[in-house]
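In what follows, chains carry the letters A, B, and so on, assigned in the order in which the sequence lines appear, proteins first and then strands, with residues in each chain numbered from 1. Basis for what follows: all heavy atoms, side chains included, without hydrogens, waters or symmetry-related copies. Computed from a predicted model, the values in this text were never measured in an experiment.
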Protein chains: 2
Amino acid sequence: MLTSADFRKRARIIKALGHPSRLAMLHALADGEMCVCDLRELVRAHMSTVSKHLHVLKKAGLVDHRKQGLCVYYRLRVPCILDFMKCVEAVLDENRKGVCCNRT
Amino acid sequence: MLTSADFRKRARIIKALGHPSRLAMLHALADGEMCVCDLRELVRAHMSTVSKHLHVLKKAGLVDHRKQGLCVYYRLRVPCILDFMKCVEAVLDENRKGVCCNRT
DNA sequence: ACACTATTTGGCTAAGATACCAAATAGCGG
DNA sequence: CCGCTATTTGGTATCTTAGCCAAATAGTGT
């Protein structure tokens, strides 16, 4: 039986996933680790913004990092995040049915 | 290739999942449709709060509803949401490793 | 120690989410 | 039509999040 604490823990992780830039970074990290400045180019945001997003992902336990020289490399901690997305896509497909134009 | 619009759409859906009460409701709906007042008991919140949560889920395309008499019954629109949770659990398992006490 | 680059942190503001209350709406039975 | 129950909507206070700037920290090469 799942308790409300279980749902709280899950929600905390899911919330960390709920941002376009963070999703884009996780997606990119699926191909291997990347340093912050590369991720920064990817999402085209300020360094500090990217760093804070990564902090959110780290706190949730979704990524890990290691420092090498000046650069910090982040990597996925739990690689299933991408099949995880399959369900999200299924929802999007359902949403598209019966709608003539894609809403952005 | 995924565009930033794709990530925005995904994030919108994931954000709708990112609340303990909404997760609990979706979990309950996996066993079949339920009316709002039953969901209300489940999450022990005010009627209006529950109704607004359901509205969020509806907008995201995660649930549908039908009205029968006085009651409104909600149901899952895309049932994969639960194996979707498997990955979230995998993250939680990882998080638990190397931590002696469960954080709530 | 100094200059330089990469990253994080603190402070601030604007926008968004949450929860409650009260009021509005909708279907039911008398 | 009225009273009753189920649900939604609007308003508001409060909390959280996001993004930017400036300053702090950390590692490198000179």
Sequence-distant partners of B:Arg44, salt bridge (charged side-chain N to carboxylate O under 4.0 Å, His left out), two or more places apart: none
Which heavy atom of [X] sits nearest to which heavy atom of [Y], and what is that distance?
X	Y	value
A:Leu54	A:Met25	CD2-SD, 4.1 Å
B:Val78	B:Gly61	CG2-O, 4.5 Å
A:Leu62	A:Ala16	CD1-CB, 3.9 Å

Length of the [atom1]-[atom2] vector between [X] and [N], whole Å:
X	N	atom1	atom2	answer
B:His55	D:dT9	NE2	P	7 Å
A:Leu57	D:dT17	CG	P	13 Å
A:Tyr73	D:dG27	OH	C1'	13 Å
A:Lys59	C:dT8	NZ	P	14 Å
A:Arg66	D:dG27	CZ	P	15 Å

Please give me every residue in residues 28-42 of chain B whose heavy atoms get under 4.0 Å of an atom in DNA chain D, ordered by residue number.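 Of all residues in residues 28-42 of chain B, the ones placing a heavy atom under 4.0 Å from DNA chain D are B:Cys35, B:Val36, B:Cys37.
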Would B:Val56 and B:Met34 show up in the same hydrophobic cluster when neighbours are defined by side-chain heavy atoms closer than 4.5 Å?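 Looking at the clustering, B:Met34 is in a separate group from B:Val56.
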Ring centroid separation A:Tyr73 to A:His65 under 6.0 Å: no
From B:Cys35 SG over to B:Arg66 CZ, what is the distance, rounded to the nearest 0.5 angstrom?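 It is 10.0 Å, given to the nearest 0.5 Å.
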Straight-line distance of A:Lys52 NZ to A:Ser21 OG, nearest 0.5 Å: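 Here the rounded value is 14.0 Å.
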Going 5' to 3' along nucleotides 18-26 of chain C, which nucleotides have protein heavy atoms under 4.0 Å from the base (write B), which only from the sugar-phosphate (write S), and which from neither (write -)? SSBBB---B
Any side-chain N or O of A:Tyr74 less than 4.0 Å from the OP1 or OP2 oxygen of C:dA6?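 Result: no.
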